[in-house]
Amino acid sequence: MVLVKPWAHGQVVPDGWAAHHRPIVAGFFADTAVVRRKTGTTKEGPLEVEVDTWTDITPTGGVPALMQVKHSQRAEERDSAGRPILVANYYCRLDVEWIPEVGDRIIITASPDPANLGTYVVRERESQGHVVDRTLHCERVSADTD
């Protein structure tokens with residue numbers, strides 16, 4: 001018996017596979033996200049404190065997304081009250097048309113899980129040949145939605 005590698009005689013994944021599966025993957029996007037990009041800085045208040053300015057790059061109301069914990073663990077350090085600090089990293093999945101940059105903010109404005117609401121910063125984005133969604137590696141900035 002001769003074992004033949006499937007890719008020796010053609011593609012393993014047929015043409016159009018990713019486009020066919022995108023709507024299926026998008027069906028899992030239970031959250032709503034707004035993506036913001038830093039556009040500069042401005043001075044605010046009587047002390048003229050310099051603050052970043054941000055512009056939404058997604059439509060008003062946001063786009064479907066899925067925010068999920070990628071990894072979490074308790075750190076050895078403790079906060080000022082003596083509680084262990086939880087270090088968590090997240091995946092954010094969006095439609096392939098959205099290509100956030102490292103440093104952009106993802107704001108989850110609606111979710112079936114209220115713990116997902118808040119602001120995250122994009123730390124890395126994945127690239128893949130058979131892309132069915134845009135996968136971003138994020139870090140939580142705050143639990144606020146402001």
Side-chain angles (χ1 to χ4, degrees), residues 5-7 10-146:
K5 296 178 181 175
W7 57 88
Q11 288 181 260
V12 174
V13 179
D15 289 334
W17 180 90
H20 173 76
H21 285 84
R22 284 182 191 134
I24 296 164
V25 171
F28 290 97
F29 297 171
D31 303 323
T32 302
V34 172
V35 180
R36 290 191 177 149
R37 182 159 296 148
K38 183 179 172 183
T39 54
T41 59
T42 187
K43 295 184 186 282
E44 289 187 357
L47 299 176
E48 294 192 357
V49 174
E50 194 168 286
V51 296
D52 294 335
T53 54
W54 299 84
T55 299
D56 292 356
I57 64 167
T58 48
T60 302
V63 296
L66 179 64
M67 184 65 72
Q68 51 192 146
V69 172
K70 172 175 74 170
H71 171 79
S72 67
Q73 73 179 49
R74 291 196 185 275
E76 295 297 320
E77 299 84 22
R78 297 187 174 265
D79 67 12
S80 60
R83 296 176 300 232
I85 297 171
L86 182 65
V87 177
N89 295 304
Y90 299 83
Y91 285 123
C92 180
R93 299 171 71 183
L94 303 167
D95 188 271
V96 295
E97 74 176 287
W98 303 109
I99 307 176
E101 296 176 359
V102 170
D104 284 354
R105 290 192 173 179
I106 308 289
I107 302 163
I108 302 298
T109 58
S111 177
D113 182 356
N116 278 350
L117 300 175
T119 304
Y120 304 77
V121 64
V122 177
R123 294 294 183 209
E124 184 180 347
R125 63 181 192 206
E126 291 184 8
S127 179
Q128 46 188 308
H130 296 290
V131 64
V132 293
D133 66 7
R134 181 74 52 213
T135 302
L136 310 165
H137 298 255
C138 298
E139 180 180 311
R140 189 163 205 148
V141 176
S142 81
D144 299 336
T145 55
D146 294 330

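In this text, all values refer to a predicted model and were calculated from it rather than measured experimentally. Just so it is clear, the values below take in all heavy atoms, side chains as well, and ignore hydrogens, waters and symmetry mates. Throughout, numbering of the chain's residues begins at 1 and tracks the sequence.
When all heavy atoms of C92 and M67 are compared, the closest pair comes out as CB-CE, 3.6 Å. Here the closest heavy-atom approach between residue D52 and residue W54 is recorded as CB-NE1, 3.4 Å. A pairwise comparison of heavy atoms in A115 and Y120 identifies O-OH, 4.2 Å as the closest pair. The two atoms that bring L66 and F29 nearest to each other are CB-CD2, 3.9 Å, heavy atoms only. For the pair A30 and P112, the tightest heavy-atom approach, listed with the atom from each and the gap, is O-CD, 3.2 Å. Across A33 and I106, no two heavy atoms sit closer than the pair CB-CG2, 4.0 Å.
How far CD of E48 is from NZ of K43: 6.5 Å, rounded to the nearest 0.5 Å. Atom OG1 of residue T119 and atom CZ of residue R36 lie 7.5 Å apart, to the nearest 0.5 angstrom. Here CD1 of I99 is found 9.5 Å from CD of E97. Values are rounded to the nearest 0.5 Å. In this structure, the separation between OH on Y91 and CD on Q68 is 8.0 Å, given to the nearest 0.5 Å. One distance of note links CD of E50 with OG1 of T42; it measures 8.5 Å at 0.5 Å rounding.
Screening R37, K38, R125 for a side-chain hydrogen bond (donor to acceptor under 3.5 Å, both in side chains) involving D104 leaves a single residue, R37.
Looking at Y90 and K70, their side chains never come closer than 4.5 Å, going by heavy atoms from C-beta outward. Two residues are said to be in side-chain contact when any heavy atoms from C-beta on lie closer than 4.5 Å; R123 and N89 fail this criterion.
When the side chain to side chain contact (heavy atoms under 4.5 Å, CB included) test is applied to P59, the partners found at least two apart in sequence or on another chain are V63, W98.
Between the side chain of D31 and the backbone N or O of I108 there is no donor-acceptor pair closer than 3.5 Å. Side-chain N or O atoms of R22 include one that pairs as donor or acceptor with a backbone N or O of V131 at under 3.5 Å. Of the possible donor and acceptor atoms, none in the side chain of S111 sits under 3.5 Å from a partner among the backbone N and O of L117. A donor-acceptor pair is defined here as one N or O able to donate and one able to accept, closer than 3.5 Å; no such pair exists between the side chain of T58 and the backbone of V34.
A donor atom on one side chain and an acceptor atom on the other are not found under 3.5 Å apart for T109 and T32.
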Quiz prompt | Verdict with reasoning, V122 to E101, per side chain to side chain contact (heavy atoms under 4.5 Å, CB included) | solution = CA-CA 7 Å; V122 177; E101 296 176 359; over 6 Å; no
Exercise. I would like to know whether V96 and V132 meet side chain to side chain contact (heavy atoms under 4.5 Å, CB included); could you show each step before the answer?
Key: CA-CA 7 Å; V96 295; V132 293; over 6 Å; no
Exercise. Decide side chain to side chain contact (heavy atoms under 4.5 Å, CB included) for V49 and E44; before the verdict, give the C-alpha distance in whole Å, the side-chain angles of both, and the deciding distance to 0.1 Å.
Key: CA-CA 5 Å; V49 174; E44 289 187 357; 5.6 Å; no
